[in-house]
Peer 1: 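Please see the structure below; I have some questions.
All heavy atoms count here, side chains included; hydrogens, waters and symmetry mates do not.
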Amino acid sequence: MTEEKYYINEVDIDEKSIYCHHDLMGELLIPTHKHNKAQMLYTEGGIVYVITQTNTYYLPARHFMWIPKGVEHSIHTNSESVIMRNLYFPVKKNEPLFYESEGIYPINDLLLQMMLFTNRWDGNINKGTRNYDITKAIKSILPKICVNNLPLSLPFSKDIRLTKIVNYLDTNLKEPLYFSEISSRFGFSERSLYRLFQKDLGMSYIQYLTIRRVLKAIELLLEKNLSVSEVALAVGYNSVPTFSNTFYKILRQRPSDYVKGEKILKK
């Protein structure tokens with residue numbers, strides 16, 4: 001399907017309106033595009049990745065992503081039945097810096113209820129209407145309540161040598177993956193590989209591996225009928241408490257609480 005058939009072409013027609021669109025995704029991919037308006041994206045019902053020119057973002061349940069205006073991105077999912085809830089906002093000069101950066105944030109009860117209140121709206125929402133006041137309020141409270149920009153993204157490797165290593169890690173997450181052994185396997189000294197990770201990805205080996213394992217764990221918790229201990233083993237943790245503590249540091253909640261919250265949302 002060509003991009004011309006997507007509703008996204010209507011987002012910027014009225015530059016002053018707030019645009020609202022809630023619908024089933026209907027496909028596994030929305031191709032690369034951008035808007036003159038900033039996008040608030042909330043999804044339900046599946047695994048969603050948002051890919052920009054520099055990062056792959058993982059958007060888990062009960063979180064939303066803020067995409068600044070002008071940022072090229074594509075949206076990928078594992079199911080056509082994923083529900084996308086989109087609000088597109090005009091961005092003016094001298095607004096809070098929050099609106100200028102990509103980010104993934106937990107959606108609290110207040111924000112979730114406000115988003116769900118817009119469920120039946122579609123298309124342009126114009127100034128002077130009740131719906132406009134409500135959606136504008138959603139945008140206005142974001143910088144005040146969204147203080148935890150979660151590191152649920154990984155940068156693309158630009159160095160072909162590191163791309164091979166990253167691909168190996170991604171397909172062997174359940175293994176120990178000791179840094180010394182990875183260095184030796186791919187013909188690097190530990191010091192050289194450490195520098196390559198920092199230079200190409202802007203993070204250390206352990207930072208990359210930790211985030212990748214947590215992203216995979218989220219996917220398994222949402223999509224598979226596995227216990228927390230089974231998920232821990234599947235992503236390379238022999239200790240459930242260690243896995244739980246690592247998960248908490250990134251998502252601010254325990255794996256067991258995350259699963260319970262997902263079940264509550266589905267009800």
Peer 1: Above 12 or not: heavy atoms from other molecules or residues under 6.0 Å from CG of Asp159?
Peer 2: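 Enclosed.
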Peer 1: Donor-acceptor pair, distance only, cut-off 3.5 Å: does the side chain of Trp66 make one with the backbone of Tyr99?
Peer 2: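 Yes, Trp66 side chain to Tyr99 backbone: donor-acceptor pair under 3.5 Å.
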Peer 1: For a quick test of reading the model, state the closest non-hydrogen atom pair linking Met203 to Pro155 and the distance between them.
Peer 2: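 Nearest pair, atom of Met203 first, then Pro155: CE-CD, 3.7 Å.
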Peer 1: Can you tell if the side chain of Glu175 reaches within under 4.5 Å of the side chain of Leu173, non-hydrogen atoms only?
Peer 2: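 Answer no - side chains too far apart.
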Peer 1: Would you check if the distance from the ring center of His35 to the ring center of Tyr88 is below 6.0 Å?
Peer 2: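 Yes.
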Peer 1: State yes or no: do Leu112 and Phe117 share one hydrophobic cluster built from I, L, V, M, F, W and Y residues joined by side-chain heavy-atom distances below 4.5 Å, directly or via other members?
Peer 2: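 Yes, because Leu112 and Phe117 connect within a single hydrophobic cluster, where side-chain heavy atoms sit under 4.5 Å apart.
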Peer 1: For a side chain to side chain contact (heavy atoms under 4.5 Å, CB included) check, start with the C-alpha distance between Ser74 and His33, then their side-chain angles and the critical distance, and finish with the verdict.
Peer 2: CA-CA 6 Å; Ser74 57; His33 62 284; 5.8 Å; no
Peer 1: Please identify which of these residues, Ile218, Leu150, Leu152, meets the side-chain contact (heavy atoms from CB on, under 4.5 Å) condition with Ile250.
Peer 2: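 Among Ile218, Leu150, Leu152, the one that satisfies the side-chain contact (heavy atoms from CB on, under 4.5 Å) with Ile250 is Leu152.
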Peer 1: Contact between Leu142 and Phe98 at the side-chain level, heavy atoms closer than 4.5 Å - yes or no?
Peer 2: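 Yes, close enough: below the 4.5 Å cut-off.
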Peer 1: Would you call Lys37 and Asp12 a salt bridge, using N to O less than 4.0 angstrom?
Peer 2: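 Asp12 and Lys37: not salt-bridged.
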Peer 1: Can you give me the closest heavy-atom contact between Leu116 and Glu44, atom names plus distance?
Peer 2: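 Leu116 and Glu44 have their closest heavy atoms at CD2-OE2, 3.9 Å.
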Peer 1: Taking Glu230 for the side chain and Ser227 for the main chain, is one N or O donor matched with an acceptor at less than 3.5 Å?
Peer 2: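 Yes, the answer is positive, given that a donor and an acceptor are paired below the 3.5 Å cut-off.
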Peer 1: Where is the tightest heavy-atom contact between Ser79 and Leu28, given as atom of each residue plus distance?
Peer 2: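 Smallest interatomic distance, heavy atoms only, reads N-CD2, 3.7 Å.
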Peer 1: Between Ser140 (side chain) and Lys136 (backbone), is there a donor-acceptor pair under 3.5 Å?
Peer 2: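 Confirmed, Ser140 side chain pairs with Lys136 backbone.
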Peer 1: Distance alone, cut at 3.5 Å: any donor-acceptor contact between the side chains of Glu190 and Tyr194?
Peer 2: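 Result is no, nothing qualifies.
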Peer 1: Quick one: does Leu233's side chain get under 4.5 Å of Lys174's, heavy atoms only?
Peer 2: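 Side chain of Leu233 against side chain of Lys174, heavy atoms only: no contact under 4.5 Å found.
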Peer 1: For Tyr248, which residues count as a ring pair (Phe, Tyr, Trp, His ring centres under 6.0 Å) partner, sequence neighbours excluded?
Peer 2: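 Tyr248: no ring pair (Phe, Tyr, Trp, His ring centres under 6.0 Å) contacts found.
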Peer 1: Out of curiosity, does Leu154 fall in the hydrophobic cluster containing Ile51 (side-chain heavy atoms, cut-off under 4.5 Å, transitive links)?
Peer 2: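 Not linked; separate clusters.
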Peer 1: Would you call Leu201 and Tyr208 a side-chain contact if the rule is heavy atoms closer than 4.5 Å?
Peer 2: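 Yes, close enough: below the 4.5 Å cut-off.
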Peer 1: Side chains of Ser183 and Ser180: any donor to acceptor distance under 3.5 Å?
Peer 2: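 Side chains of Ser180 and Ser183: no pair found under 3.5 Å.
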Peer 1: For a 4.5 angstrom cut-off between non-hydrogen side-chain atoms, does Asn124 reach Ile13?
Peer 2: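 Contact flag for Asn124/Ile13 side chains = no.
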Peer 1: Does the side chain of Phe156 reach to within under 4.5 Å of the side chain of Thr56, using non-hydrogen atoms?
Peer 2: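 Yes, at least one pair of side-chain atoms sits under 4.5 Å.
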Peer 1: Hey, any chance Phe197 and Ile206 share a hydrophobic cluster, counting ILVMFWY side chains that come within less than 4.5 Å of each other, even indirectly?
Peer 2: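 Different hydrophobic clusters.
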Peer 1: Do the side chain of Asn167 and the main chain of Thr163 share a donor and acceptor less than 3.5 angstrom apart?
Peer 2: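 The answer is yes, because a donor-acceptor pair under 3.5 Å joins these two groups.
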Peer 1: Any idea how Tyr258 and Phe247 line up, ring-wise: parallel (<30°), tilted (30 to 60°), or perpendicular (>60°)?
Peer 2: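 Tyr258 and Phe247: perpendicular rings.
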Peer 1: Only one of Arg85, Met84, His73 clears side-chain contact (heavy atoms from CB on, under 4.5 Å) with Leu41; which?
Peer 2: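 Looking at Arg85, Met84, His73, the match for Leu41 under the side-chain contact (heavy atoms from CB on, under 4.5 Å) is Met84.
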Peer 1: Which class fits the ring pair Tyr58 and Tyr49: parallel under 30°, tilted 30 to 60°, perpendicular over 60°?
Peer 2: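 Perpendicular.
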Peer 1: Say whether, by atom type as modelled, one donor and one acceptor occur between the side chain of Ser184 and the main chain of Glu181 under 3.5 angstrom.
Peer 2: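 No; judged by distance alone, with no hydrogens or angles, the pair does not exist.
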Peer 1: Might you point out which heavy atoms bring Glu10 and Tyr19 nearest each other, and give the distance in Å?
Peer 2: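 Closest pair (atom of Glu10, atom of Tyr19, distance): OE1-OH, 3.0 Å.
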Peer 1: Hey, is CZ on Arg195 packed in by over 12 heavy atoms from elsewhere, all under 6.0 Å?
Peer 2: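 Open.
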Peer 1: Scan for salt bridge (charged side-chain N to carboxylate O under 4.0 Å, His left out) pairs involving residues 90-109, sequence neighbours excluded, and state none if there are none.
Peer 2: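 Checked against salt bridge (charged side-chain N to carboxylate O under 4.0 Å, His left out) - neighbours excluded - the pairs reaching residues 90-109 are Glu95-Lys139.
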Peer 1: Could you verify whether a donor N or O on one side chain and an acceptor N or O on the other, from Asn86 and Gln39, lie under 3.5 Å apart?
Peer 2: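 Their side chains do contain a donor-acceptor pair, which is all the 3.5 Å distance test asks for.
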Peer 1: Using side-chain heavy atoms (C-beta onward) and a distance below 4.5 Å, is Ile138 in contact with Leu87?
Peer 2: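 When only atoms from C-beta onward are counted, Leu87 and Ile138 do touch, with a gap below 4.5 Å.
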Peer 1: Looking only at side chains, do Thr210 and Lys249 share a donor and an acceptor under 3.5 Å apart?
Peer 2: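 The criterion, which ignores hydrogens and geometry beyond distance, is not satisfied for Lys249 and Thr210.
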Peer 1: Any donor and acceptor pair, going by atom type alone, linking the side chain of Asn55 with main-chain N or O of Tyr57 inside 3.5 Å?
Peer 2: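 Not a single qualifying donor-acceptor pair exists.
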Peer 1: If you apply the rule ring pair (Phe, Tyr, Trp, His ring centres under 6.0 Å), what do you find for Phe243 with Tyr237, and how did you get there?
Peer 2: CA-CA 6 Å; Phe243 167 64; Tyr237 289 90; 5.6 Å; yes
Peer 1: May I ask you to decide if Pro106's main-chain N or O and Asn148's side chain share a donor-acceptor pair within less than 3.5 Å?
Peer 2: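 Here the side-chain-to-backbone pair does not exist.
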Peer 1: According to a hydrophobic-cluster definition based on side-chain heavy atoms being under 4.5 Å apart (Ile, Leu, Val, Met, Phe, Trp, Tyr only), do Leu169 and Leu162 belong together?
Peer 2: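 Leu169 and Leu162: one cluster.
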Peer 1: Side-chain heavy atoms nearer than 4.5 Å, only ILVMFWY residues, links allowed to pass through others: does that put Tyr168 and Leu209 together?
Peer 2: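 Yes, because Tyr168 and Leu209 connect within a single hydrophobic cluster, where side-chain heavy atoms sit under 4.5 Å apart.
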Peer 1: Distance from His63 atom NE2 to Leu251 atom CG, nearest 0.5 Å?
Peer 2: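 Answer for the NE2-CG pair, His63 versus Leu251, is 5.0 Å.
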Peer 1: If we ignore hydrogens and angles and just use 3.5 Å, is the side chain of Asp200 paired with the main-chain N or O of Lys158 as donor and acceptor?
Peer 2: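 Here the side-chain-to-backbone pair exists.
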Peer 1: Taking all non-hydrogen atoms of both residues, which atom of Leu177 and which atom of Tyr205 are closest, and how far apart?
Peer 2: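 Residues Leu177 and Tyr205, closest heavy atoms: O-OH, 2.6 Å.
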Peer 1: Cut-off 3.5 Å, side chains only: do His22 and Thr118 have a donor facing an acceptor?
Peer 2: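 Indeed, the side chains of His22 and Thr118 share at least one donor-acceptor pair under 3.5 Å.
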Peer 1: Heavy atoms, side chains only, cut-off 4.5 Å: are Phe89 and Met40 in contact?
Peer 2: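 With C-beta onward as the side chain, the pair touches.
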Peer 1: Considering non-hydrogen atoms only, spot the tightest contact between Ser17 and Asn126 and give its length.
Peer 2: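 The pair with the smallest heavy-atom distance is CB-OD1, 3.5 Å.
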